[in-house]
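For reference, the structure discussed in these notes is given below.
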Amino acid sequence: MVINKMTGRGCAWCIASRAVVQRLVDEGIVNKIIAKKPYYKSYVLLQVKLGPRGELYIDFKKGGMGPEEPLWAPSFIDGKLWQQATRNFSLQGGLEENIVEHLFPEMTDYLQTIPDAALVSMTREFLLEHELCNKPLKQYKGVTYYFNEDEIYSRDKANLFPIMGKVKNLFTVTGTGASFFNNGVWRKAVSQFEVGMTLRACIEIFLKTEVVHQAPQALAPIEQLVQYITAPVYERVPENHNEATFDRIRITVGLPRYQFNSWEALQNEVKKYQREIARRVVQKLERNPRFKGYGVPLNFLKLSNITLLRDFSLEFIFELKGESLEDTERQGSGI
């Protein structure tokens, strides 16, 4: 199981890793060898170190440099599970992050037994450490909402947060622990908070909140084929010195470079959708402001040529012939 940080409960489970780390520390994990990991043609020994700012991280040393200590293991985690997880710990990674990424996915049963009350308490402590109180959480119709010092969701009536346009410094978890917390899920939960609710009650809403991203719909073949359509390029023959006119219009359609396994396959696909591509090109031309400025009716143009170029583009050339653009797919082309 992967911890889903797109849900409030998933974020709370990540925060719970801090309690697990504290218990590991209490049992004496610091400076102990916890795993033996293959490394090139030899192996390294992983151990937990305490950093200068109090952070716990995974350090390593080469094996075979003297007598090896027995691997350390905690009393409250299954030995095989712990051994399997620690072998995957990232070198130089934080202990909490490694627990979330490698240990918790194997501890589904344990995570699901953590009562909601405990998750609420741990999340509350986490948010208070990040100075949640007296920070603007939401602005709606010119009113700012926040948690006061009594941890009550409140409406700003005392103008604590003067409105100067939209509030830009809304509460966000940053720094230590930010990787455990999804601010997007939190903001969605905040939209459901009501004035007078306690922080604990609001966190209960957070646990039930999730952000769902809809998978993008598969593009139709024509959408995959037509990457872009350039703006029309208006050209005049050398003899035409009237800048208010044109003699031909050139429009380019971009095609995918790596979608087809051969030039012939691309060519066949273009022929298959030539009529629809031409329709889209004509629409692009018709909507172009400069073309509208010329005041030339569409039926004064003729699609004189379509060429499939070696740079994976399709070139359309229109000329002033006084003929209709209807049935353009029947015009000659170089495809």
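What's counted below: heavy atoms across the whole structure, side chains too, no hydrogens, waters or symmetry copies.
Remark: side-chain polar atoms of K188 are paired, donor with acceptor, to backbone N or O of E210 under 3.5 angstrom. Within the 3.5 Å criterion, the main-chain N or O of S90 finds a donor-acceptor partner in the side chain of N98.
W186 and F206 have perpendicular rings, their planes meeting at more than 60° on a 0 to 90° scale where under 30° would count as parallel. The aromatic rings of W263 and F312 sit perpendicular, their planes meeting at an angle over 60°, well past the 30° parallel limit. Using cut-offs of 30° and 60° on the angle between ring planes, the pair Y294 and F246 is perpendicular. Ring geometry for H102 against F89 counts as tilted: the plane angle lies between 30° and 60°, on a 0 to 90° scale. Y110 and F104 have tilted rings, their planes meeting at an angle from 30° to 60° on a 0 to 90° scale.
Between D247 and V237 the shortest heavy-atom distance is OD2-N, 2.9 Å. The shortest non-hydrogen separation linking I34 to T86 is O-OG1, 3.6 Å. Taking both residues in full, the closest heavy atoms of C133 and L128 are given as SG-CD2, 3.8 Å, listed atom of the first, atom of the second, then distance.
Here the straight-line distance linking atom CG of L314 with atom CD1 of I277 works out to 5.5 Å at 0.5 Å rounding. Here K49 contributes atom NZ and I58 contributes atom CD1; the two are 11.5 Å apart, rounded to the nearest 0.5 Å. Atom NZ of K208 and atom CG of D116 lie 8.0 Å apart (nearest 0.5 Å). R87 contributes atom CZ, which lies 10.5 Å from atom NZ of K37 (distance to the nearest 0.5 angstrom). To the nearest 0.5 Å, atoms CE (M122) and CH2 (W13) are separated by 11.5 Å. The OG1 atom of T209 sits 8.0 Å away from atom CG of L207, with the distance rounded to the nearest 0.5 Å.
Annotation: E223, atom CD; neighbour count of heavy atoms from other residues, nucleotides and ligands within 6.0 Å is above 12. Around OH of Y140, the count of heavy atoms belonging to other residues, nucleotides or ligands within 6.0 Å does not exceed 12. Open room surrounds CZ on R155; 12 or fewer heavy atoms of other groups in view lie less than 6.0 Å from it.
F126 has its ring centre less than 6.0 Å from the ring centre of F181.
Remark: K138 qualifies as a cation-pi partner of Y145 under the 6.0 Å distance and 45° angle criteria applied to the six-membered ring.
A donor-acceptor contact closer than 3.5 angstrom is absent between the side chains of N88 and Q84.
The pair E315-R250 meets the salt-bridge criterion, with a side-chain N (NZ, NE, NH1 or NH2) lying under 4.0 Å from an Asp/Glu carboxylate O.
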